[in-house]
There are 2 protein chains.
Amino acid sequence: MNAQPLLNYINKYISLTEEETLFLISKVTFRKYLKGQYIVQQGDICKKQCFIISGCTKTFYMDAGGQEHIVLFAIEDWWTSDMGSFITQAPADFNVQCIENTELIQITYEDNEEILREIPKLERFFRKIVESAYAASQKRIIRSFSLTAKEQYLFFKEQYPTIEQRVPQYMIASYLGITKEFFSKIKSQLAIEE
Amino acid sequence: MNAQPLLNYINKYISLTEEETLFLISKVTFRKYLKGQYIVQQGDICKKQCFIISGCTKTFYMDAGGQEHIVLFAIEDWWTSDMGSFITQAPADFNVQCIENTELIQITYEDNEEILREIPKLERFFRKIVESAYAASQKRIIRSFSLTAKEQYLFFKEQYPTIEQRVPQYMIASYLGITKEFFSKIKSQLAIEE
DNA sequence: TAAAAATGTTAATCTATATTAACTATATTT
DNA sequence: AAATATAGTTAATATAGATTAACATTTTTA
């Protein structure tokens with residue numbers, strides 16, 4: 001089992017002892033998914049938090065009319081799950097699906113609690129990660145209220161330049177909260193402007 | 001200094017020893033604000049996290065055109081701050097303003113880190129609070145994409161029945177991401193429907 | 001390599017919500 | 001109590017973005 005990417009990621013911010021590292025490794029599992037497979041489905045209980053080693057996922061909500069609304073993309077070195085379902089162990093509102101073949105490290109709810117209880121500096125580290133995810137989410141709400149779709153797209157390109165290359169355009173439209181047709185129009189307008 | 005509401009709140013979920021309680025109390029400060037006063041202003045560094053004892057605040061972004069966009073209301077037993085600025089100690093994107101006379105307990109960034117380092121079960125507790133705030137924020141994004149303004153309003157009424165009574169209507173419109181005129185139209189439609 | 005499926009584009013028309021403006025009602029201050 | 005500021009409503013018009021539909025391109029599968 002190759003936990004090295006997770007350890008590298010953690011060691012960028014804090015240092016774990018040999019013993020802590022071994023304990024962490026003993027609690028996590030490695031898993032591969034193929035493109036198209038679901039990590040979590042709406043209605044399931046989200047049992048695991050996932051750290052992506054390679055690949056790409058989308059987290060989306062399927063509304064009553066069958067339309068997908070993407071909240072989040074995740075790539076290498078990101079965490080993904082349905083946080084709401086994971087923490088309450090209630091049925092998920094979101095789907096998490098692989099949009100590339102994806103390798104990841106999974107941690108169950110119980111193991112996560114145990115790891116963080118045993119290693120307080122990891123608990124501290126994760127608190128801070130969630131704090132910044134929350135802050136980013138609040139900023140995203142504001143952008144969706146105060147920017148036009150075109151402005152939001154330019155922001156997205158700038159903030160996630162690599163994701164735009166990796167995922168189909170209609171998913172970017174979904175992430176921006178617009179239709180693929182309107183997204184297409186925006187892109188052609190921008191192409192004319194320069 | 002009356003820290004009792006904060007202690008009651010914490011004790012609903014975890015129990016602190018006498019010693020831990022005294023340590024916590026020694027680190028926090030009490031403060032009153034008048035209606036209209038700002039706890040944080042856009043561009044300031046957000047130095048404190050606030051636990052509201054009484055009163056009500058709004059957290060909003062003022063866009064280039066001078067329009068307010070409310071991300072969050074907070075009332076008794078809620079936390080408020082500009083989380084992004086608080087954790088990075090970088091200039092705030094948001095304003096936090098009192099919309100009633102407000103009494104609260106403040107914790108500085110440094111004291112917060114110290115309290116959570118000293119009392120691991122509090123760190124755990126706060127990690128979970130932030131996790132649920134994050135999950136709620138993701139759900140809010142989805143609602144803004146998949147529901148009409150009228151549906152979002154009905155959801156808001158149901159989820160925060162007390163807030164609607166306490167704050168001016170134009171702020172609810174701002175929270176919902178619509179103009180006060182359109183909000184007025186929605187309400188009159190709903191009044192006709194029943 | 002042909003067929004099928006998935007993805008992306010263009011254009012016409014429609015709709016939810018914004019904008020503007022004029023007005024009414026409610027608080028706050030003098 | 002009058003004056004002023006703040007909040008809320010109504011209605012006409014304007015617009016960003018949705019919907020529909022037809023077509024073009026790329027990718028996957030047989």
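A quick note: this is a predicted structure, and the numbers were derived from the prediction, not measured.
A perpendicular orientation is assigned to the rings of A/W79 and A/F126, their planes being inclined by more than 60° (bins at 30° and 60°). Using bins of under 30°, 30° to 60° and over 60° for the plane-to-plane angle, the ring pair B/Y38/B/F60 lands in the tilted bin. Between A/Y153 and A/F183, the angle of the ring planes goes over 60°, which puts this pair in the perpendicular group of the 30/60° scheme.
No close placement of the A/F73 and A/Y160 rings is indicated, their centers lying 6.0 Å or farther apart.
Using a cutoff of 4.0 Å between basic side-chain nitrogens and carboxylate oxygens, B/E181 and B/K185 are not scored as salt-bridged.
Among the nucleotides D/dG8, C/dT7, C/dT9, the one closest to any side-chain atom of A/P168 is C/dT7.
When the P atom of D/dA7 is taken as reference, atom CZ of B/R166 falls 17 Å away, rounded to whole Å. To the nearest angstrom, C1' of D/dG8 lies 13 Å from CE of B/M171. Look at CD1 on B/I99: it is 16 Å from C1' on C/dA27, rounded to the nearest Å. One can place CD of A/Q165 at 13 Å from P of C/dG8, the figure rounded to the nearest angstrom. Between the CD atom of B/Q169 and the C1' atom of C/dA27 there is a distance of 15 Å, given to the nearest Å. The distance from atom NZ of B/K187 to atom C1' of D/dA11 is 17 Å, rounded to the nearest whole Å.
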Quiz item: Along nucleotides 15-30 of chain D, 5' to 3', which nucleotides get a B, which get an S, and which get a -, given that the test is a protein heavy-atom distance under 4.0 Å?
Solution: --BSBBB------S--

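Listed pair A/Y170 / C/dG8 fails the phosphate criterion, with no side-chain N or O lying under 4.0 Å from OP1 or OP2.
A cation-pi arrangement is not found for B/R124 relative to B/Y13, the charged atom failing to lie both closer than 6.0 Å to the ring centre and inside a 45° cone about the ring normal.
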